[in-house]
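Whatever order the structure lists ligands and atoms in, that order sets their numbers, starting from 1.
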Amino acid sequence: MRTEPLIYELSKPGRRGISVPEPDVPVQEIPANLQRDSLGLPEVSEIDVIRHFTRLSHLNHAIDIDFYPLGSCTMKYNPKINELMSKLPGYGSIHPEQDPATIQGAMELMYELQEMLGEISGFHQVSLQPAAGAHGELTGVLMARAYFEKRGEHQRRTVLVPDSAHGTNPATAAMAGFDVVTVPSDDRGNADVEKLRELVGPDTAALMITNPNTLGLWDESIMEVVDIVHEAGGLVYNDGANFNAILGIARPGDLGIDIMHYNLHKTFSTPHGGGGPGSGPVGVAEHLAEYLPGPRVAKVDNGDVTYDWYQPKHTIGRIHGFHGNFGMHVRAYTYIRMNGAEGLRQISEDAVLAANYMMNKLKDRYTLRYDRTCMHEFVLSANQQKKNGVRALDIAKRLLDFGMHPPTVYFPLVVDEAMMIEPTETESIESLDKFIAAMIQIDEETKTNPDYVNSAPHDTFYKRLDEVGANRNLNLRWTEEKAEELVAAD
Ligand SMILES: *Cc1c(COP(=O)(O)O)cnc(C)c1O
């Protein structure tokens, strides 16, 4: 079935993509213990490489090709001006170890981004160091730990996590050494306030809440939730990955949240998918500012230096080499400046409108677990389709035939056969309608021809893959024997 060659199979002895000039410095012998006979790298020309990877890219889906409603991931279009700005030599060609006096423009950009993120979300200070959302969560939880240690409250070992939180929340808390206790949802999809009251106590370090949650719902009791945790002496962490729903409308800092991470690679349109790099800054209320990872950028009055590195007093230390993924800071800064305050609010209004439009067009066909106005995303269940033997995974595969990326499936865990759909604000009404029509057609097919859905995709280069095998026996290492095996199996 596989007909695309691997790059190693294109290799021809002696073929080169680059030519290295003759050295103009004395040649040094490389110590024998650092030498290898063979690196096993493919020998290919530049055009071989370009064509190979361009061909591969055509086999894949991307936000620049078509609709990508991957719930919780906010796969919005990445404006190309962000890319252009991040490559300006003053941003793209500097080194993090340069004297601050020579990179004042870049440091000003970081300072302003810290300030803007703080302003948008109502937080006192922001650190740009974390490299992703989950990394921001870890940073936040480590800060909570340092905060309670400093106060001598060593017994605060428990982190409460609602069952509608993103999976990274309990994982992060456990990784940081806390005991994780689950808070159930009530029948409207909010954190159950009565249960929360029973669960908080002198051992509570924090509540980690995802709001809007992974059902795409705004927690209607958020103020009460925050008060309950604060009264018990704990901190409230908000997973801000779903910030796209509330820009310019609500500020988590104003709701009493103590710590939040942002996903620049979601809300603020810096690219993701394919492994990053991402950026997950962390914002905090005033009482936690001195625990932030350092160094941060501070505004000083120091002769030719207006912006300098600053080490917070009780800092948890570095959590990233140098200063975070600076290229992402430039992209997010550009996005915020291009949109302005009113533009940011419009983004959220349009994202919420798009999600509610789709939800209402599809809820007669697919089960909607919580029939409430949603935020930036909504979760449908394929439990009716399952009666005909068609599961959420089959629907996801069938959508590939329509040239669209499937939604997130089987998450959140609280919904059976879940499909988590996030259209984002960047899609036109035509692409929303195209997806709705595809979902309706697939529902019809589950009644008339379920086998056709179950054997999808039909029109993609690769058909249905052995995902269990790929997970259990993942093998990314190319060997000649393996290649021969594959050819023989074809
Ligand atoms: C994406 C996401 C995360 C994790 O962010 P990464 O950048 O992927 O580490 C955490 N919480 C929610 C709600 C998310 O959507």
Top protein contact for atom 14 (C) of ligand 1, by heavy-atom distance: Lys266 NZ, 2.8 Å
Side chain, backbone, both or neither: the part of Ala132 lying under 4.0 Å from ligand 1 by heavy atom: both
Which of the ligand 1 atoms, numbered from 1, are nearer than 4.0 Å to a heavy atom of Ala241: 2 (C), 11 (N), 12 (C), 13 (C), 14 (C), 15 (O)
Gly133: numbered ligand 1 atoms lying under 4.0 Å from its heavy atoms: 5 (O), 6 (P), 7 (O), 9 (O)
Per-atom contacts of ligand 1 with Glu137, taking only distances under 4.0 Å to non-hydrogen atoms: 10 (C), 11 (N)
Distance-only polar pair, side chains of Glu427 and Tyr77, donor-acceptor under 3.5 Å: no
Nearest protein heavy atom with distance in Å, relative to atom 11 (N) of ligand 1: Asp239 OD2, 2.5 Å
For Thr210, atoms of ligand 1 separated by under 4.0 Å from a heavy atom: 13 (C)
Atom 9 (O) of ligand 1 [closest protein heavy-atom partner, distance rounded to 0.1 Å]: Ala134 N, 2.8 Å
Cation-pi geometry met for Arg156 and Phe148 (6.0 Å, 45°): yes
Of the listed options His261, Glu422, His135, His265, closest to atom 7 (O) of ligand 1 (non-hydrogen atoms): His265
Location of contacts on His272 toward ligand 1, heavy atoms closer than 4.0 Å: neither
Protein residue, atom and distance nearest to atom 5 (O) of ligand 1, heavy-atom basis: Asn263 ND2, 3.1 Å
